[in-house]
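See structure below.
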Amino acid sequence: MEEKILNKRKNGMAMLLLNLLLYAAALAAIIIGNITGISESGPQSPTGIALFVIGLAGLLFGWIPFLGLVVLRPQEAVVLTLFGKYIGTLKEEGFYWVNPFCSALNPAAETKLKQSGDVDGTSGGSRFHLATGGQSMQLAGTGASKKISLKIMTLNNSRQKINDCLGNPIEIAIAVMWQVTDTAKAVFNVDNYKEYLSLQCDSALRNIVRLYPYDVAENVDTTGDGMADEGSLRGSSEVVAKRIRDEIQNKVEQAGLEIVEARITYLAYAPEIAAAMLQRQQASAVIDARKMIVDGAVGMVEMALSRLSEKEIVELDEERKAAMVSNLLVVLCSNRDAQPVVNSGSLY
């Protein structure tokens, strides 16, 4: 379905004035016909009766042309159909007049998503809420609900529980910035483009998250090149968000939508394993800290022995060096402050 832009119908003001003049003329015809059509002293005048009938018909049916008046604000569009046939889209702001028998079509008019500018306060915690109601109406009733917004919208999908590539359950949520670029595809290629977008966001999120571990893991290939890398959901959020955006864009291209950006808004382990993962992270941190302490202590002992030997302060045999190394390591690596012991006797 190719989009047809109707930009040469910005004659709404002229048609409004013309319709008002026709209404005034119809009212004048009724008055004149009523005066001249009925004579007190002679037969009725055919001309007066004709004017009266024409004026009455004008009043009865003169409201129909007003149904073709449409006002569009910036970043709004209206898809028009005439007896089931697509005739075009009004896409620029202005005051239009179209065929009054045209219908504005927007299947997603009553669909409320958890997104900016389209929030349904009664939907609770659900991902999206579908409201009942007619899907088409006469152009006279074309309101904001039947107009398609061309603005950039932000869709906030609810948190999802997904297993990462290591099988650990995590909770993740994304925010997707999107906009309608082709109104014909959005209306005619899919049943409901808002619901379609939300479902594709869920699917793309699951497909990408399953390729990454929550944190950096060994022997994990996240890029598909056969080489292990350090990609992770926590450390490579920009890369993950870009892959999610590209995945969604491939799916919604046929719906006339453009994904401007996708961002991860929430990321955490699922509650059932969060405590165990916290303990593992704490243990890893303790091990790293101990390793750093031991490395520093060994360097300090080596420096002490080297300085004693260079300055020839004291001569130590191998047994005494081992005892000194042991004592220094205990002091430097201990969790508590060392308690000094004064040796008042001989060194040997």
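Owing to the predicted nature of the structure, the values given are computational and were not obtained by experimental measurement.
- Ile264 places a side-chain heavy atom less than 4.5 Å from the side chain of Val240.
- The distance from atom OH of Tyr266 to atom CD of Glu171, rounded to the nearest 0.5 Å, is 5.0 Å.
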task: For the pair Val78 and Tyr96, evaluate side-chain contact (heavy atoms from CB on, under 4.5 Å) and give the outcome as yes or no after the intermediate values.
output: CA-CA 11 Å; Val78 173; Tyr96 294 84; over 6 Å; no
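- For the pairing with Ile174, the side-chain contact (heavy atoms from CB on, under 4.5 Å) check across Asp202, Ile208, Ile244 returns one residue only, Ile244.
- What you find for Ala204 and Glu247 is that their closest heavy atoms are CB-CG, 3.3 Å.
- Inter-residue side-chain proximity for Val70 and Trp97 is flagged as unmet; no heavy-atom pair is nearer than 4.5 Å.
- Of the residues listed (Ile248, Ile259, Asn156), the one engaging Cys201 in a side-chain contact (heavy atoms from CB on, under 4.5 Å) is Ile248, and it is the only one.
- Minimum heavy-atom separation, Gly235 to Ser232: N-OG, 3.0 Å.
- For Asp164 (side chain) and Tyr214 (main-chain N/O), a donor-acceptor pair under 3.5 Å exists by modelled atom type.
- Of the inter-residue distances, the one linking Asn99 atom CG with Ile87 atom CD1 reads 6.5 Å to the nearest 0.5 angstrom.
- Remark: Leu150 CG to Lys147 NZ distance equals 11.5 Å, nearest 0.5 Å.
- Once rounded to the nearest 0.5 Å, the distance linking OG1 of Thr183 with NZ of Lys4 reads 12.0 Å.
- Atom CG of Asn163 has more than 12 heavy atoms from other residues, nucleotides or ligands within 6.0 Å.
- The closest side-chain heavy-atom distance from Trp178 to Val260 is not below 4.5 Å.
- The side-chain heavy atoms of Val180 and Tyr193, taken from C-beta on, include a pair separated by under 4.5 Å.
- Residues passing the salt bridge (Lys or Arg N to Asp or Glu O under 4.0 Å) test with Lys251, sequence neighbours excluded: none.
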- request: Test side-chain contact (heavy atoms from CB on, under 4.5 Å) on Leu199 and Leu197 and set out the steps.
  value: CA-CA 6 Å; Leu199 294 176; Leu197 171 65; over 6 Å; no
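- Thr81 and Ser103 share no donor-acceptor pair across their side chains, judged by distance under 3.5 Å alone.
- For the pair Ile170 and Tyr212, the minimum side-chain heavy-atom distance is 4.5 Å or more.
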message: Would Cys165 and Thr222 count as a side-chain contact (heavy atoms from CB on, under 4.5 Å) here? Give the steps.
response: CA-CA 9 Å; Cys165 68; Thr222 62; 5.6 Å; no
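- No chain of hydrophobic side-chain contacts below 4.5 Å, direct or via other Ile, Leu, Val, Met, Phe, Trp or Tyr residues, connects Ile287 to Ile293.
- Other residues, nucleotides and ligands contribute over 12 non-hydrogen atoms within 6.0 Å of the CD atom of Glu93.
- Atom CG of Asn19 sits about 10.0 Å away from atom CG of Leu67, to the nearest 0.5 Å.
- Proximity of Ser149 to Gln179: side-chain heavy atoms (C-beta onward) are nowhere separated by under 4.5 Å.
- The distance from the CG atom of Asn106 to the CD1 atom of Ile148 is 4.5 Å, given to the nearest 0.5 Å.
- The backbone N or O of Ala14 sits nowhere less than 3.5 Å from a side-chain atom of Asn11 that would complete a donor-acceptor pair.
- Here the side chain of Ser236 pairs no donor or acceptor atom with the backbone of Val239 at under 3.5 angstrom.
- Side-chain atoms of Gln254 and Tyr196 include a donor-acceptor pair closer than 3.5 Å.
- A salt bridge is absent between Arg73 and Glu92; no separation between the charged side-chain nitrogens and carboxylate oxygens falls under 4.0 Å.
- Residues in residues 229-244 take part in these salt bridge (charged side-chain N to carboxylate O under 4.0 Å, His left out) pairs, two or more places apart or across chains: Asp215-Arg234, Glu238-Arg263, Lys242-Asp246.
- Contact annotation: the side chain of Leu80 approaches that of Leu90 to within less than 4.5 Å [non-hydrogen atoms, C-beta and beyond].
- With respect to the salt-bridge test (charged N to carboxylate O, under 4.0 angstrom), the residues Lys91 and Glu76 do not qualify.
- Under a hydrophobic clustering in which Ile, Leu, Val, Met, Phe, Trp and Tyr are joined whenever their side-chain heavy atoms come within less than 4.5 Å, directly or via other members, Leu22 and Ile54 fall into different clusters.
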- prompt: Where do Leu6 and Thr89 land on the side-chain contact (heavy atoms from CB on, under 4.5 Å) test, with the steps shown first?
  reply: CA-CA 6 Å; Leu6 305 176; Thr89 301; over 6 Å; no
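- Here the side chain of Thr111 pairs no donor or acceptor atom with the backbone of Lys194 at under 3.5 angstrom.
- Leu166 and Tyr269 fall into different hydrophobic clusters, defined by Ile, Leu, Val, Met, Phe, Trp and Tyr side-chain heavy atoms under 4.5 Å apart, directly or through other members.
- No continuous path of hydrophobic side-chain contacts links Leu21 to Ile64 [ILVMFWY only; heavy atoms under 4.5 Å].
- The two residues Asp191 and Pro107 make their nearest non-hydrogen contact at O-CB, 3.2 Å.
- Linking Ile, Leu, Val, Met, Phe, Trp and Tyr whenever their side-chain heavy atoms come within less than 4.5 Å leaves Ile5 and Leu257 in two separate clusters.
- Residues Phe66 and Tyr23 have side chains in contact (heavy-atom distance under 4.5 Å, counting atoms from C-beta outward).
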